[in-house]
Every structure is written in C-alpha cells, then in structure tokens.
A.B. asks: 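There's a structure below that I have some questions on.
All ligand and atom numbering here is 1-based and tracks the order in the structure.
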Amino acid sequence: MDFEVIAHDPSSGARRGRFVTSHSTVETPVFMPVGTQATVKSLSPDELKDLGARIILGNTYHLYLRPGSERVSRLGGLHSFMGWDGSILTDSGGFQVFSLARINKIEEDGVVFQSHIDGSRHMIRPETSMEIQMHLGSDIAMCFDECTTYPVAYEYARESMERTVRWARRCKDAHTREDQALFGIVQGSVFMDLREACLEKLVEIGFDGYALGSLSVGESKEQMLEVLETMAPRLPASHPRYLMGVGTPEDLVEGVRLGVDMFDCVMPTRNARNGMLFTSWGSIQIKNSGYAEDRNPIEPGCTCYTCRHFSRAYLRHLFMARELLAYRLNTIHNLHYYLNLMAGMRKAIEQGRFEEWRKEFYAVRSGDY
Ligand SMILES: Nc1cc(N)c2c(=O)[nH][nH]c(=O)c2c1
Ligand SMILES: [Zn+2]
C-alpha cells in the first residue's frame with residue numbers, strides 16, 4: 001500500500017498525505033468512523049459516503065463471534081456483506097478480547113477467552129487473527145497484540161510488549177493476502193523505553209504502517225501526550241501513523257500536530273446515542289431542558305443534514321421520546337463534525353497554516369471537556 005506525503009506543515013509535525021487501497025483513495029489526516037458489527041450504528045453506507053467517509057473500522061473480535069468471519073467470507077467478504085465500497089480497516093481483536101471477553105488465560109500461543117455473547121470458549125492466536133481478517137477481506141489488517149490497561153506494572157508491560165512483538169512476527173509470517181496491508185501496533189504502556197524498544201523491533205520485522213496502541217485507556221491526558229510527543233515523530237515517516245481508539249476533537253488536533261495520519265474512536269457515534277453533540281465551542285447535552293423550545297440548529301452554520309433541517313427543540317423531543325430518528329440525526333451531526341474537522345486540518349496543512357488554524361480552533365472552544 002503506497003503512502004504519499006503531499007505536504008508538511010512548516011511550524012509543526014503535521015503532514016498531509018494520501019494512500020490508495022483497492023477500494024478507495026484515503027486523504028490523510030483521516031478519521032475512521034467505527035463500524036463495530038459491520039455497520040456504523042444507525043447509518044447506511046450511502047449516508048456515510050455523503051458525510052465524506054472513505055474508510056471505516058470493523059472489529060475483528062465482534063465479527064469473529066457474530067456472524068463469523070468464515071460466513072462473511074462465504075458471503076463475499078465484509079465490503080460486499082455490508083454494502084460498503086470504501087476502504088475498511090479491521091482492528092486486531094486485541095482490544096475487545098482484553099476489554100469485553102472474560103479472559104481465561106494469556107499464554108505465549110494466544111489468548112483463551114469466553115465470548116461476551118454466550119460464554120462459549122475460544123482461543124485467538126496471532127495466526128487466527130490473521131485468518132479472520134483475511135476472511136473479512138479488509139483493506140488494512142492489524143497485528144494481534146495485547147492492549148494493556150492503565151495502570152500496569154513496568155515488569156508486566158515489558159513482558160506483554162515483548163510477547164506482542166513475538167506475536168507481530170507470527171502475524172507477518174501468517175499474513176498471505178496480497179491485497180491487504182498489515183500494520184504493526186506499538187505497545188509499552190506509558191514507559192518510553194518499552195515503547196521505543198517495541199517500535200525498533202516492529203520496524204525490523206517491517207509493516208505497511210505503524211499504530212500506537214493502549215492509549216486513552218485510563219492514563220492522564222498529560223501521560224498520553226507524553227507518549228504521543230515521544231513516539232509519533234519516531235514512527236517511520238514514510239508509512240501511515242495510526243493512533244488507535246483516540247479521541248476527543250482536541251486529541252485529534254494534538255495528534256495531527258505531532259504527525260499522526262489516522263484515527264478511530266467510538267466517541268462521535270456513541271456520544272450521539274447518548275445525546276452529547278459536538279460543536280465548535282465544545283459540546284451540548286441535548287436533553288437539557290433549556291433546549292425544549294430552542295429553534296436553533298445544533299450549531300448555527302453547520303452544513304450537515306441534521307442542522308439544515310431540524311431544531312434543537314425537535315432533536316431534544318426525539319431524544320426524550322427515545323425515538324430511533326434521534327440516534328440517526330445525532331450521529332449524522334457528530335460524524336459530520338469529526339469528518340469536517342479533519343477536512344479543515346487537511347486544508348490548513350496544504351496551505352501551511354496549521355498552527356494558525358489550531359489557534360482558531362482553541363480560541364472558540366469553551367473547554368467544557
Ligand atoms: N484503543 C484501542 C483500540 C483498539 N482497537 C486496539 C487494538 O485493536 N489493538 N491494540 C490496541 O492497543 C488498541 C487500542
Ligand atoms: Zn450539524
């Protein structure tokens with residue numbers, strides 16, 4: 001998968017890039033909406049496309065358990081199964097296995113766990129994760145890894161990171177699908193020596209892109225920023241840099257400033273379903289009674305379908321009545337906000353004015369995060 005850096009911002013590590021998969025051209029920096037169970041919740045592929053999404057994320061753990069990756073393969077692969085003709089990145093399965101399933105044991109060979117759906121016992125090995133993702137047919141697969149929680153003891157973080165590197169080597173050896181890129185995931189928690197050692201070993205193995213995992217898992221913003229400031233610039237400049245599972249609008253801006261190219265996070269879609277709507281000055285909780293007769297759109301000037309057609313009063317009514325349309329309209333707005341934020345940063349980098357854009361971004365925010 002060829003990654004091209006088109007422009008560098010003169011006053012930060014921000015960069016504008018592009019990569020092409022067999023399904024779409026992806027302009028970076030990019031935000032990937034999360035499509036956990038072969039759907040970005042409540043939206044159709046056409047609506048995603050209209051919002052400007054060109055790559056989405058699928059969860060390997062979920063799709064393996066239901067409907068099953070071999071079934072998806074028999075049905076033509078994930079793109080045709082879900083009717084999405086853009087690009088798809090599937091995560092490693094590492095995160096959900098460690099965060100959702102009941103872990104029975106982590107051993108050198110892989111992880112034995114019980115399904116959160118029916119309690120059935122499974123074992124995912126690095127080779128299994130590769131088989132699942134090759135069956136799904138995503139454009140980008142992620143190496144199987146252990147996503148460590150926070151806090152974690154240094155000794156455990158070291159052993160886990162070293163195992164993740166051995167698993168990455170096994171993933172590379174087991175990955176045989178030519179039309180699918182494979183990214184390595186840098187682990188090591190908040191310990192910089194472990195992070196740097198991990199990156200060095202992953203680069204020796206050689207991947208199509210490099211991700212930073214186990215961030216935004218409970219560490220402080222300062223700790224996350226410290227890892228980002230140390231590691232993002234060290235990820236190979238000629239390859240896509242991917243910050244997994246992050247984050248708030250501010251996290252995206254700081255990640256781009258430090259040279260990150262790809263992001264995914266459930267925040268815009270999950271918060272939409274909880275009635276938390278993003279705006280340029282911060283966020284609004286639509287259920288607040290103050291919006292009961294507010295004829296304004298979520299954000300005056302927002303060009304999304306929701307803001308062009310509906311008032312806060314109506315959106316509050318739908319949310320209080322638990323109408324399904326509430327989740328759809330809120331999701332459309334929040335994803336539009338995130339995708340539009342990335343488009344604004346891409347344009348600012350092209351124009352060499354990212355720092356100026358960043359100052360404007362913070363100037364209008366009320367910091368209510
Ligand atoms: N926030 C995160 C989301 C994820 N899907 C992952 C992952 O798949 N692997 N490893 C990770 O560290 C990780 C972190
Ligand atoms: Zn809007």
Side-chain angles (χ1 to χ4, degrees), residues 32 34-36 50-52 56-64 89-101 111 124 126 129 132-133 138 140-150 152 157 160-161 163-165 167-168 171 182-190 195 198 202 210-219 224 227 231 242-248 251 255 262-268 270 272 277-280 283-284 286 296-312 314-315 328-341:
M32 302 181 282
V34 174
T36 301
D50 290 348
L51 284 166
I56 62 172
L57 182 136
N59 285 133
T60 295
Y61 167 82
H62 286 283
L63 294 167
Y64 160 73
L89 178 147
T90 42
D91 67 2
S92 68
F95 187 67
Q96 278 79 23
V97 159
F98 290 103
S99 62
L100 268 183
V111 181
I124 288 200
S129 176
I132 294 166
Q133 295 181 73
S138 51
I140 302 173
M142 302 303 294
C143 281
F144 188 64
D145 64 333
E146 178 178 358
C147 173
T148 48
T149 54
Y150 180 83
V152 64
S160 168
M161 178 276 283
R163 181 171 49 222
T164 280
V165 169
W167 284 355
C171 285
L182 179 62
F183 283 18
I185 305 177
V186 177
Q187 294 292 357
S189 187
V190 294
R195 286 274 183 183
C198 187
L202 293 181
Y210 296 87
L212 291 173
S214 296
L215 285 176
S216 191
V217 290
E219 78 284 0
M224 182 173 88
V227 174
M231 296 307 298
Y242 169 24
L243 177 51
M244 302 185 85
V246 174
T248 65
D251 293 339
M262 301 167 69
F263 303 84
D264 85 272
C265 190
V266 294
M267 205 169 248
R270 183 176 293 170
L277 305 172
F278 289 95
T279 67
S280 54
S283 63
I284 65 172
I286 198 66
N296 293 299
I298 298 166
E299 170 146 14
C302 177
T303 58
C304 84
Y305 170 73
T306 301
C307 289
R308 283 184 286 113
H309 292 86
F310 305 103
S311 68
R312 292 167 181 173
Y314 179 65
L315 295 170
R328 285 176 40 72
L329 295 178
N330 291 356
T331 300
I332 286 169
H333 170 79
N334 276 1
L335 277 184
H336 170 84
Y337 177 80
Y338 265 65
L339 294 169
N340 200 43
L341 189 72

A.B. asks: Under the 3.5 angstrom rule, does the side chain of Q133 hit a backbone N or O of T60 as a donor-acceptor pair?
C.D. replies: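 No; judged by distance alone, with no hydrogens or angles, the pair does not exist.
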
A.B. asks: Any luck finding a side-chain donor-acceptor pair between D91 and Y61 under 3.5 Å?
C.D. replies: no

A.B. asks: Are any side-chain N or O atoms of N334 and backbone N or O atoms of F278, one a donor and one an acceptor, separated by less than 3.5 Å?
C.D. replies: yes

A.B. asks: Can you name the closest pair of heavy atoms from T248 and Y338 and give their distance?
C.D. replies: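 That closest heavy-atom pairing would be CA-OH, 3.6 Å.
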
A.B. asks: Using a 3.5 Å distance criterion without hydrogens, assess whether the side chain of T148 forms a donor-acceptor pair with backbone atoms of A157.
C.D. replies: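 No, T148 side chain to A157 backbone: no donor-acceptor pair under 3.5 Å.
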
A.B. asks: Spell out, as yes or no, whether a donor-acceptor pair under 3.5 Å connects the side chain of T331 to the backbone of A272.
C.D. replies: no

A.B. asks: How does Q96 reach ligand 1, by side chain, by backbone, by both or by neither, if only non-hydrogen atoms under 4.0 Å count?
C.D. replies: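 Within the 4.0 Å criterion, Q96 makes no contact with ligand 1.
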
A.B. asks: Go through ligand 1 atom by atom and flag the ones less than 4.0 Å from a non-hydrogen atom of G245.
C.D. replies: 1 (N)

A.B. asks: Do any heavy atoms of Q187 fall under 4.0 Å from ligand 1?
C.D. replies: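 Judged by the 4.0 Å heavy-atom criterion, Q187 does count as contacting ligand 1.
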
A.B. asks: If you have a sec, work out which protein heavy atom is nearest atom 4 (C) of ligand 1 and how many Å separate them, to one decimal?
C.D. replies: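 Protein heavy atom at minimum distance: F95 CB, 3.3 Å.
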
A.B. asks: Look at atom 8 (O) of ligand 1 and say which protein heavy atom is nearest, naming residue and atom and giving the distance to 0.1 Å.
C.D. replies: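 So the nearest neighbour among protein heavy atoms is S92 OG, 3.1 Å.
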
A.B. asks: With backbone taken as N, CA, C and O and side chain as the heavy atoms from C-beta onward, which portion of I185 lies under 4.0 Å from ligand 1: side chain, backbone, both, or neither?
C.D. replies: side chain

A.B. asks: Give the minimum heavy-atom separation between H336 and C304, together with the two atoms involved.
C.D. replies: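 Taking every non-hydrogen atom into account, CG-CB, 3.5 Å.
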
A.B. asks: Test of geometry: compute the angle SG(C307)-the Zn ion (ligand 2)-SG(C302) and round it to 10°.
C.D. replies: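 Computed angle, vertex at the Zn ion (ligand 2), rounded to 10 degrees: 110°.
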
A.B. asks: Short list, please: which atoms of ligand 1 are under 4.0 Å from a heavy atom of G213?
C.D. replies: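 Matching atoms, with element in brackets: 11 (C), 12 (O).
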
A.B. asks: What is the closest protein heavy atom to atom 7 (C) of ligand 1, and at what distance does it sit?
C.D. replies: M244 CE, 3.4 Å

A.B. asks: Answer yes or no: is there a donor N or O on one side and an acceptor on the other, between the side chain of S214 and the main chain of C147, under 3.5 Å?
C.D. replies: no

A.B. asks: State the atoms of ligand 1, each with its element, that fall below the 4.0 Å cut-off from a heavy-atom position in S214.
C.D. replies: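 Matching atoms, with element in brackets: 11 (C), 12 (O), 14 (C).
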
A.B. asks: How open is the angle at the Zn ion (ligand 2) from atom SG of C304 over to atom ND1 of H333, rounded to 10 degrees?
C.D. replies: 110°

A.B. asks: Atoms of ligand 1 less than 4.0 Å from D145 heavy atoms?
C.D. replies: 9 (N), 10 (N), 11 (C), 12 (O)

A.B. asks: Distance under 4.0 Å to a non-hydrogen atom of D91: what atoms of ligand 1 satisfy this?
C.D. replies: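 Near D91, meaning under 4.0 Å from one of its heavy atoms, ligand 1 has 5 (N), 8 (O).
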
A.B. asks: Classify the ring geometry between Y305 and H309 as parallel (under 30°), tilted (30 to 60°) or perpendicular (over 60°).
C.D. replies: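 It falls in the tilted class, 30° to 60°.
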
